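Here is the structure we will look at.
Keep in mind it's a predicted model, so treat the numbers as computed, not measured.
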Amino acid sequence: MRILEEYERGRLFFDYGDYITAAGILADVVAEVPEDVAPRLLLARAYYHSAQLHRAEEQLRLVLERDPAEHYAHLMLGRTLQRQSRHDEARRHLRIAEAMGAC
């Protein structure tokens with residue numbers, strides 16, 4: 001039950017735009033339940049919005065290892081790579097996301 005409460009607390013900080021605090025909370029949640037994709041994806045989004053792009057990329061790649069059909073992770077990874085000026089790498093993930101209907 002505590003993990004769910006922490007996840008909700010992390011979502012609350014994320015929703016209020018405090019991405020750094022959200023990332024700190026969500027990193028602890030992910031450490032407790034590493035197999036759960038939802039908190040890891042939200043953690044990646046918090047990293048992305050707080051310009052921690054390498055951390056966002058790492059989390060998104062882990063999401064895609066667990067669930068290659070997670071279209072939003074492909075979209076986010078493509079955008080994360082774009083922000084790092086890695087456009088060739090980004091293009092592949094953005095195409096996959098588009099083909100899956102994420103765009």
Nearest non-hydrogen partners of Ala44 and Ala56, listed with the distance: O-CB, 3.5 Å

Side chain to side chain, Leu41 and Leu60, heavy atoms closer than 4.5 Å: yes

Separation between CD of Glu32 and CD1 of Ile3, rounded to the nearest 0.5 Å: 4.0 Å

Residue pair Pro68 / His74: nearest heavy atoms and the distance that separates them: O-NE2, 2.9 Å

Neighbour count >12 (heavy atoms, 6.0 Å) for atom CZ, Arg95: no

side-chain contact (heavy atoms from CB on, under 4.5 Å) between Tyr47 and Leu53, worked out: CA-CA 6 Å; Tyr47 284 148; Leu53 301 177; over 6 Å; no

Nearest non-hydrogen partners of Ala90 and Gln82, listed with the distance: CB-CG, 3.6 Å

ILVMFWY clustering at 4.5 Å (side-chain atoms), partners of Ile25: Phe13

Interatomic distance, Arg40 atom CZ to Arg61 atom CZ [nearest 0.5 angstrom]: 14.0 Å

Rounded distance (nearest 0.5 Å) linking atom CD of Gln52 with atom CD of Glu58: 11.5 Å

Hphob cluster co-occupancy, Leu12 + Leu43, side-chain heavy atoms under 4.5 angstrom: no

For Asp88, side chain to side chain donor-acceptor pair (under 3.5 Å) partners two or more places apart: Arg91

Shared hydrophobic cluster, Leu62 / Leu75 (ILVMFWY, side-chain heavy atoms < 4.5 Å): no

Which atom of Leu64 lies closest to which atom of Glu70, heavy atoms considered: CD2-O, 3.7 Å

Between CG on residue Leu42 and CD on residue Gln59, distance to nearest 0.5 Å: 11.0 Å

Qualifying side chain to side chain donor-acceptor pair (under 3.5 Å) pairs with a residue from residues 12-22, counting only residues at least two apart or across chains: Asp18-Thr21

All side chain to side chain donor-acceptor pair (under 3.5 Å) counterparts of Gln84, not counting sequence neighbours: His54, Glu57, Arg86

Side chain to side chain contact (heavy atoms under 4.5 Å, CB included) partners for Asp36, two or more places apart: Val33, Ala38, Pro39

Main-chain N/O of Tyr48 paired to Arg83 side chain as donor or acceptor, under 3.5 Å: yes

Derivation and outcome, side-chain contact (heavy atoms from CB on, under 4.5 Å), residues Val63 and Tyr72: CA-CA 10 Å; Val63 166; Tyr72 191 71; over 6 Å; no

Salt-bridge criterion met for Arg9 and Glu6 (N-O under 4.0 Å): yes

Hydrophobic cluster (4.5 angstrom, side-chain heavy atoms) - remaining members for Ile20: none

Donor-acceptor pair, side chain of Arg66 and main chain of Pro34, under 3.5 angstrom: yes

